[in-house]
There are 2 protein chains.
Amino acid sequence: MRWDDVNTQVCSMARTLAIVGDRWTFLIIRDITLGNRRFTSMHKALGITKHRLTDRLTRLIEHGVVYKQCYDEARQRFEYRLTEKGLDLYPVLTTIVQFGDKWEADEDGVPLEHVHKACGAVTQPYLACSECHEPIHAREVRAQLGPGIRRKLERGETFGIQGRYYPASLEKVKAR
Amino acid sequence: MRWDDVNTQVCSMARTLAIVGDRWTFLIIRDITLGNRRFTSMHKALGITKHRLTDRLTRLIEHGVVYKQCYDEARQRFEYRLTEKGLDLYPVLTTIVQFGDKWEADEDGVPLEHVHKACGAVTQPYLACSECHEPIHAREVRAQLGPGIRRKLERGETFGIQGRYYPASLEKVKAR
DNA sequence: CTCTTGGGTTTCATTTTGGAACCTTTAATC
DNA sequence: GATTAAAGGTTCCAAAATGAAACCCAAGAG
């Protein structure tokens, strides 16, 4: 399957990755988050080529994740900023950074620390259950069919790859 | 910069993305998480070519995220499973899925639901502060230099892209 | 009036992907 | 006993994505 078709899957991960799932996009968004919002500045800081950067920013704008804001009318200079949708990627950024902090840091320690302004502490955010508010770990969660797939099945629609709906293991998920 | 050099950055995100930051890897890990652990099965379900799948699994094994477990000695058949390190990617997977559920679901609703076994409820995990346990949002967090960068600066080391340490906007971060 | 800066576009070589065919070993079937 | 069918790859080639470098253009600065 061509990568361009990946977002046709009935899968929230595939659809999200169709927007941000390439080499550079997360780094671009991270830089914008940290205040590095201008074209040339990102180009230099990230080591991404201008070509690629133009391309990725355009795509992010198309998907409503980033918008362009003019900061110099005369010269038509722009800053790239995150939309509300873009800010919603923050949990993804944070969890990626935390994984790196835990498993890939060198002996000097973590590159950056994150201060929670509300309480003033250096924080290492964790995932909590929306219902019981306890921390959540991989093995404590079970997936089940949601309406997005259930309704399509009820209508007798075929979807997914070669008529098998997706993710592949849903037969098992259903059976459990 | 060549992508292969991205993990030389002093940046937890760059280092993590050097492992999982390509088109297919997250989908592979998601499938393994959902119980789809065999080569041919993943190949068919994901629509990834065998070639690419071999390549990605090999890389994940090299990085200690996945291991191969024999389930049929005679025929030398294997299952791919997540290591402890691999399980630590779960928060990343979850937050990616949540973004997709919120912004990219169609009118039928979310494809999958996630049940927190401990409390039995369908959960939509959120990020909480490790110190005050309140929910954390993008605008409530401020980055500051951590030991991994501070110590290198104190020793007078140059690092990052062209001697500028990374992320680019750390000058600003420092100044704040 | 020339130089620099920001923000790009164009061109072209190199890498990475995708698709398909092929290989090998063990089991299952006729 | 020969034939066929998985499972799990590998090989080969064409197509697409990427990276490096050069070029462009407008507005200010000197």
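Numbered from 1 within each chain, the chains take letters A, B, ... in sequence-line order. All figures in this text were calculated on a predicted structure; none of them were measured in a lab.
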Counting N and O atoms only, with roles assigned by atom type, does the side chain of A:Arg151 sit under 3.5 Å from a partner on the main chain of B:Asp108, one being a donor and the other an acceptor? yes

Under a 3.5 Å threshold, yes or no: a donor from one side chain and an acceptor from the other, between A:Asp22 and A:Thr25? yes

Quick one: A:Arg59 CZ to D:dA17 C1', roughly how many Å, whole number? 11 Å

If I take atom CG in residue B:Asp22 and atom P in nucleotide D:dT18, what distance separates them, rounded to the nearest angstrom? 11 Å

Salt bridge B:Arg2-B:Asp5, side-chain N to carboxylate O under 4.0 Å: no

Starting from P on D:dT18, measure out to CH2 on A:Trp3 and report it in whole angstrom. 11 Å

Name the nucleic acid region contacted by B:Arg52, choosing base, sugar-phosphate or nothing; use a 4.0 angstrom heavy-atom cut-off, strictly under. base

Between P on D:dG9 and CG on B:Leu53, what's the gap in Å once rounded to a whole number? 8 Å

Value in whole Å for how far the C1' atom of D:dA7 lies from CG of B:Asp72: 10 Å

Salt bridge or not between B:Arg15 and A:Asp106? Use side-chain N to carboxylate O under 4.0 Å. yes

Using distance only, find each side-chain donor-acceptor pair of residues 112-123 of chain B under 3.5 Å and give its atom names and separation, not counting sequence neighbours.
| residue | atom | partner | partner atom | Å |
| --- | --- | --- | --- | --- |
| B:Glu113 | OE1 | A:Gln144 | NE2 | 2.9 |
| B:Lys117 | NZ | A:Arg139 | O | 3.2 |
| B:Thr123 | OG1 | A:Ser130 | N | 3.1 |
| B:Thr123 | OG1 | A:Ser130 | OG | 3.4 |

Nearest whole angstrom, please: distance from the C1' of D:dT18 to the CG of A:Asp55. 10 Å

Residues 83-90 of chain A side chain polar contacts: donor-acceptor under 3.5 Å, at least two apart:
| residue | atom | partner | partner atom | Å |
| --- | --- | --- | --- | --- |
| A:Thr83 | OG1 | A:Gly64 | O | 2.6 |
| A:Thr83 | OG1 | A:Val65 | O | 3.1 |
| A:Thr83 | OG1 | A:Lys85 | N | 3.3 |
| A:Thr83 | OG1 | A:Gly86 | N | 3.1 |
| A:Lys85 | NZ | A:His63 | O | 2.9 |
| A:Lys85 | NZ | B:Glu104 | OE2 | 2.7 |
| A:Asp88 | OD2 | B:Lys102 | NZ | 2.7 |
| A:Asp88 | OD2 | B:Trp103 | NE1 | 2.8 |

Nearest-nucleotide pick for B:Arg23, side chain only, options being D:dA17, C:dT16, D:dG28: D:dA17

Value in whole Å for how far the P atom of D:dT18 lies from CD1 of A:Ile48: 9 Å

Do any side-chain nitrogens or oxygens of B:Trp24 fall under 4.0 Å of OP1 or OP2 in C:dT17? no

Is there any protein nitrogen or oxygen under 3.5 Å from a nitrogen or oxygen in nucleotides 5-10 of chain C, and what are the pairs?
| residue | atom | partner | partner atom | Å |
| --- | --- | --- | --- | --- |
| C:dG6 | O4' | A:Arg77 | NH1 | 3.0 |
| C:dG6 | N3 | A:Arg77 | NH2 | 3.4 |
| C:dG7 | OP1 | A:Tyr71 | OH | 3.1 |
| C:dG7 | OP1 | A:Phe78 | O | 3.4 |
| C:dG8 | OP2 | A:Tyr80 | OH | 2.6 |
| C:dG8 | N7 | A:Lys50 | NZ | 2.9 |
| C:dG8 | O6 | A:Lys50 | NZ | 2.8 |
| C:dT10 | O4 | A:His51 | ND1 | 3.4 |

A:Tyr126-B:His133 side chain donor-acceptor pair, cut-off 3.5 Å: yes

Would you indicate which nucleotide in D:dA17, D:dG19, C:dG18 comes nearest to any side-chain atom of B:Thr49? C:dG18

Using atom NE2 of B:His43 as one end and atom C1' of D:dG9 as the other, report the distance to the nearest whole Å. 11 Å

